Participant: 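One structure is given below, represented as structure tokens, and several questions about it will come after.
Note that the structure is predicted; figures quoted are calculated from it, not measured.
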Amino acid sequence: LSPWCDPTSIKQMNEAFLAVEADLQHRRVLPDDQGIAWTSDDGTEVIFAYRDFEHPAPDGATVEEVKSNATSTSVGTIDCRRHGIYRIRSRADDRQSLLAGIKLLPRAMAKA
């Protein structure tokens, strides 16, 4: 039974989906039944791998295997494994994510 439907692993798959849900904005089907790639407006890419394959990724990008929370740094490609869920963020994406979390002080407070 596929992990996408297996009752023993469905909790982990659901948790992984919820972790990346905000990044699932623009979908494309990968060639040769490799899987599905989603991108967000900030450039984050999420891969749902249907089989083992190599996927291109920017050098230095942060790659997270979402189900295990393991992270690594890309050197041009990532090794996607069957049923894996991968989030890929370039360094520029990481900076945008950090900046998005910063709250600016109201002008009155900044002058005080």
Side-chain angles (χ1 to χ4, degrees):
L1 195 59
S2 166
W4 307 109
C5 304
D6 183 357
T8 60
S9 62
I10 196 72
K11 180 179 186 278
Q12 182 186 37
M13 298 301 276
N14 282 339
E15 288 171 348
F17 173 82
L18 291 173
V20 299
E21 185 176 18
D23 296 317
L24 307 181
Q25 296 173 357
H26 310 283
R27 183 184 69 152
R28 73 180 192 283
V29 177
L30 296 172
D32 303 320
D33 295 322
Q34 293 172 333
I36 302 291
W38 292 85
T39 53
S40 65
D41 290 335
D42 72 1
T44 299
E45 184 174 29
V46 176
I47 305 295
F48 288 83
Y50 294 165
R51 62 184 184 90
D52 295 351
F53 67 98
E54 282 191 356
H55 184 73
D59 282 342
T62 301
V63 179
E64 174 190 6
E65 200 297 312
V66 179
K67 293 188 308 184
S68 68
N69 288 321
T71 59
S72 61
T73 301
S74 168
V75 290
T77 62
I78 60 170
D79 291 325
C80 295
R81 297 291 167 236
R82 183 175 186 227
H83 303 283
I85 301 173
Y86 303 88
R87 181 176 5 219
I88 305 164
R89 289 188 174 127
S90 70
R91 288 185 224 191
D93 297 334
D94 291 339
R95 284 193 296 271
Q96 285 179 344
S97 295
L98 288 172
L99 290 174
I102 296 173
K103 293 184 180 179
L104 298 176
L105 293 174
R107 243 178 234 243
M109 291 182 70
K111 291 181 181 178

Participant: For T39, does its backbone N or O pair with a side-chain atom of R28 as donor and acceptor, under 3.5 Å?
Facilitator: no
Participant: Under a 3.5 Å distance rule, please check whether E65 uses its side chain to pair with a backbone N or O of I85 as donor and acceptor.
Facilitator: yes
Participant: Out of curiosity, R89 CZ to D23 CG, how far, rounded to the nearest 0.5 Å?
Facilitator: 6.0 Å
Participant: State which residues pass salt bridge (charged side-chain N to carboxylate O under 4.0 Å, His left out) with E64; sequence neighbours excluded, sorted by chain then number.
Facilitator: R87
Participant: According to side chain to side chain donor-acceptor pair (under 3.5 Å), who are the partners of T77, at least two apart in sequence or on a separate chain?
Facilitator: none
Participant: Is a donor on one side and an acceptor on the other found under 3.5 Å between the side chain of Y86 and the backbone of E45?
Facilitator: no
Participant: For the residue pair A37 and I47, what are the closest heavy atoms and their distance?
Facilitator: CB-CD1, 3.6 Å
Participant: Measuring from I78:CD1 to E54:CD, what's the distance to the nearest 0.5 Å?
Facilitator: 10.0 Å
Participant: Is a donor on one side and an acceptor on the other found under 3.5 Å between the side chain of S40 and the backbone of Q25?
Facilitator: no
Participant: Does the side chain of Y50 reach to within under 4.5 Å of the side chain of L30, using non-hydrogen atoms?
Facilitator: no
Participant: Measure across A16 and K67 and return the closest heavy-atom pair with its distance rounded to 0.1 Å.
Facilitator: CB-CG, 3.8 Å
Participant: Tell me, yes or no, whether the heavy-atom count around N14 atom CG, taken from other residues, nucleotides or ligands under 6.0 Å, exceeds 12.
Facilitator: yes
Participant: Cluster question for you: counting only ILVMFWY and a side-chain heavy-atom cut-off of under 4.5 Å, with indirect links fine, are V75 and V63 together?
Facilitator: no
Participant: How about CZ on R81, more than 12 heavy atoms from neighbouring residues, nucleotides or ligands closer than 6.0 Å, or not?
Facilitator: yes
Participant: Would you indicate whether the side-chain heavy atoms of F17 and M13 approach each other to under 4.5 Å?
Facilitator: no
Participant: Between the side chains of Q34 and H55, is a donor N or O closer than 3.5 angstrom to an acceptor N or O?
Facilitator: no
Participant: Measure the spacing between SG of C80 and CD1 of I88 and express it to the nearest 0.5 Å.
Facilitator: 6.0 Å
